[in-house]
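Okay, structure first, notes after.
Naming: A, B, ... by sequence-line order, numbering from 1 per chain.
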2 protein chains.
Amino acid sequence: MTDKKQGKIRIQSQEKILLAAQDEFITNGYKGATVQSIADLAGLPKANVLYYFKNKENIYHAVLEQTLDMWDQGIGDIEYKDGPKIAIEKFVSSKVLMSFNHPKSSKIYAMEIIQGAQHLKEFTRTYLRKWVREKSKIFQQWIDEDRMLNVDPINLIFLIWSSTQHYADFDNQILTVMNRADYEEEDIEHVTQFLTQFILRGLEIK
Amino acid sequence: MTDKKQGKIRIQSQEKILLAAQDEFITNGYKGATVQSIADLAGLPKANVLYYFKNKENIYHAVLEQTLDMWDQGIGDIEYKDGPKIAIEKFVSSKVLMSFNHPKSSKIYAMEIIQGAQHLKEFTRTYLRKWVREKSKIFQQWIDEDRMLNVDPINLIFLIWSSTQHYADFDNQILTVMNRADYEEEDIEHVTQFLTQFILRGLEIK
DNA sequence: CACATTCCTGACCAATAGAACAATAAATGA
DNA sequence: TCATTTATTGTTCTATTGGTCAGGAATGTG
């Protein structure tokens with residue numbers, strides 16, 4: 001993750017830089033982002049940014065790492081012992097929460113995948129593939145036990161991912177369409193309820 | 001759309017350029033894309049590309065226009081007279097079809113929105129907002145007539161958009177997770193069935 | 001206090017960017 | 001046929017890019 005001994009100034013500056021970099025990479029993509037622009041957003045001279053991170057690629061890697069940490073840390077796990085109802089309620093609500101609370105991480109991730117997952121090939125091929133396989137198995141068990149309808153678990157996972165992340169990645173569109181300036185606190189609860197209920201019905205779980 | 005009288009050479013070259021540009025904009029974003037790279041992909045000298053499109057911005061606008069045309073042309077409309085079952089079957093299947101047949105358009109659009117909809121503010125504020133309002137009204141009618149469950153029509157639309165577009169925007173991730181090289185013809189039917197049935201159940205439409 | 005180490009930054013550089021331009025080559029049409 | 005428009009491209013210009021570097025400031029340590 002992070003390395004070496006860390007002074008407090010070092011950490012502060014690095015955090016400022018990473019926040020700035022996240023914004024810059026979202027709005028301009030990896031190639032379009034400029035170190036100068038990141039430096040400006042962070043309120044530091046460019047040379048200082050390059051002092052903390054050797055080069056642009058390094059900054060991006062740090063941002064991505066942050067993003068992946070968020071992913072598997074904030075994600076409510078799907079556990080067999082919970083049973084399908086509780087498991088889905090947990091999973092959907094934690095995904096929705098993450099979309100509303102950390103939309104930027106979601107966006108960085110989405111852009112990376114859309115653009116061909118150049119820097120995340122390894123992550124998807126190993127970690128993510130394994131995760132999907134494991135969770136699919138759990139869903140299949142519940143199906144075999146007649147605790148939920150027989151649907152393809154993989155497509156189910158995709159549906160949950162997409163419908164929840166949509167509120168982060170497409171927040172601009174959603175807010176514009178709804179003629180609103182920002183999300184409100186109650187939107188989180190509203191969306192969670194809507195998606196949870198909808199998905200439970202789709203699986204005929206009572 | 002396009003302007004002025006058109007020679008056939010002009011049209012051919014423009015199409016080559018737009019195809020190349022689409023790829024370049026997807027992998028590198030607007031700012032990261034270079035005219036040189038577009039020219040190389042199209043097999044033309046840079047100066048020739050700039051002869052057909054005055055500048056980079058113009059190329060991007062043409063690509064976006066193409067994308068929007070695709071959007072409202074390929075979209076199966078939601079019509080009251082169809083009733084909720086047929087309407088949703090039509091709409092979902094046309095959206096899925098578009099995701100599988102024109103993933104690049106979907107990606108261009110997705111990136112534009114994620115990055116802040118800089119070039120699409122007008123489209124979302126006018127066209128899209130109106131579309132959502134109209135279709136919401138139709139859903140609400142069906143709800144009032146007890147032909148489907150009482151869910152928030154707007155969130156329903158978002159769910160359909162997100163779950164269908166996911167197969168285009170995140171095709172890399174999906175294929176990697178499923179350990180496959182490409183989508184097959186039968187995937188389209190499979191996904192369409194899955195999503196249609198799932199959504200109909202979610203709305204308690206028989 | 002002296003020294004070493006870490007931190008910070010202005011100045012600089014080669015490479016690449018978008019775009020204008022000028023000079024041709026084709027095509028067209030009267 | 002020949003003049004006029006259209007198509008094509010090598011060259012050139014200026015701005016910006018990622019990244020280096022030398023040297024100074026700050027901080028710590030004995």
Side-chain angles (χ1 to χ4, degrees), chain A residues 2-65 108 111-112 115 118-119, chain B residues 1-64 108 111-112 115 118-119:
Chain A
T2 40
D3 42 17
K4 298 178 182 176
K5 56 208 163 182
Q6 304 255 6
K8 61 178 84 172
I9 315 141
R10 187 180 205 97
I11 294 181
Q12 271 188 345
S13 291
Q14 282 183 338
E15 269 171 13
K16 266 198 292 183
I17 292 169
L18 286 184
L19 278 179
Q22 201 178 32
D23 284 337
E24 172 70 2
F25 285 128
I26 288 173
T27 43
N28 294 317
Y30 173 72
K31 188 143 179 261
T34 71
V35 179
Q36 183 64 67
S37 186
I38 293 171
D40 291 347
L41 286 171
L44 298 168
K46 183 176 73 162
N48 198 357
V49 171
L50 287 168
Y51 168 74
Y52 284 113
F53 301 87
K54 258 177 273 303
N55 51 40
K56 186 165 95 166
E57 179 105 24
N58 262 311
I59 306 176
Y60 189 62
H61 275 138
V63 170
L64 268 189
E65 215 164 320
I108 288 277
M111 298 250 311
E112 182 58 28
Q115 298 192 330
Q118 297 294 326
H119 305 77
Chain B
M1 197 153 306
T2 40
D3 41 17
K4 296 178 181 175
K5 55 208 160 182
Q6 305 255 5
K8 61 179 83 171
I9 316 142
R10 185 180 207 99
I11 293 181
Q12 271 188 343
S13 291
Q14 282 184 338
E15 267 170 15
K16 266 197 294 184
I17 293 168
L18 287 184
L19 277 178
Q22 202 178 33
D23 284 336
E24 171 70 2
F25 285 129
I26 288 173
T27 43
N28 294 315
Y30 173 72
K31 187 140 180 265
T34 72
V35 179
Q36 184 64 65
S37 187
I38 293 171
D40 291 348
L41 286 171
L44 297 169
K46 182 173 74 163
N48 198 356
V49 171
L50 287 169
Y51 167 73
Y52 283 112
F53 300 88
K54 260 176 275 301
N55 51 40
K56 186 164 95 165
E57 178 106 26
N58 260 312
I59 307 177
Y60 189 63
H61 275 138
V63 170
L64 268 189
I108 288 277
M111 293 195 36
E112 219 350 91
Q115 299 191 331
Q118 298 293 326
H119 305 78

Could I get a table of every N or O pair under 3.5 Å where one atom is in the protein and the other is in nucleotides 21-24 of chain C?
none

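Taking 3.5 Å as the limit, the base of D:dG19 and the side chain of A:Lys54 contain no donor-acceptor pair of atoms between them.
Rounded to an integer number of Å, the gap from CG of B:Asn48 to C1' of C:dG18 is 16 Å. To the nearest angstrom, C1' of C:dC13 lies 10 Å from NZ of A:Lys46. Rounding to whole angstrom units, CZ of residue B:Phe53 and P of C:dG18 are separated by 15 Å. We find that CD1 of B:Ile59 is positioned 14 Å from P of C:dA17, with the value rounded to whole Å. The interatomic distance linking A:Tyr60 (OH) with D:dG18 (P) rounds to 15 Å, in whole Å.
Regarding contacts with the backbone of D:dT8, every side-chain N or O of B:Tyr51 stays at 4.0 angstrom or more from both OP1 and OP2.
The distance from the CD atom of B:Gln22 to the CG atom of B:Leu41 is 11.5 Å, given to the nearest 0.5 Å. In this structure, the separation between CD1 on B:Ile26 and CG on B:Asp23 is 6.0 Å, given to the nearest 0.5 Å. Between the CD atom of A:Gln14 and the CG atom of A:Leu19 there is a distance of 12.0 Å, given to the nearest 0.5 Å.
When distances run from any side-chain atom of B:Leu50 to the nucleotides C:dA19, C:dC7, C:dG10, the shortest one goes to C:dA19. For B:Lys56, counting side-chain heavy atoms from C-beta on, the closest listed nucleotide (D:dG19, D:dT8, C:dA19) is C:dA19. Closest contact between the side chain of A:Tyr52 and the listed nucleotides C:dA19, C:dC7, D:dG19 involves C:dC7.
Under a 3.5 Å cut-off, the side chain of B:Gln118 and the backbone N or O of B:Glu112 do not form any donor-acceptor pair.
Between A:Lys31 and B:Lys31, the closest side-chain pair of non-hydrogen atoms is not below 4.5 Å. Side chains of B:Lys46 and B:Thr34 form no contact here, defined as non-hydrogen atoms less than 4.5 Å apart.
Within the 4.0 angstrom heavy-atom criterion, only backbone atoms of the sugar-phosphate kind lie near A:Asn55; the bases stay farther away.
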Just do the side-chain contact (heavy atoms from CB on, under 4.5 Å) check on A:Lys56 and A:Tyr30 with the steps written out, would you?
CA-CA 9 Å; A:Lys56 186 165 95 166; A:Tyr30 173 72; 3.8 Å; yes
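Applying the side chain to side chain contact (heavy atoms under 4.5 Å, CB included) test to B:Ala21 and every residue at least two apart in sequence or in another chain returns B:Phe25, B:Ile38, B:Ile59, B:Val63.
Across residues 24-42 of chain B, not one residue has a non-hydrogen atom less than 4.0 Å from an atom of DNA chain D.
B:His61 and B:His119 make their closest contact through NE2-CD2, 4.1 Å (heavy atoms, listed as atom of the first residue, atom of the second, distance).
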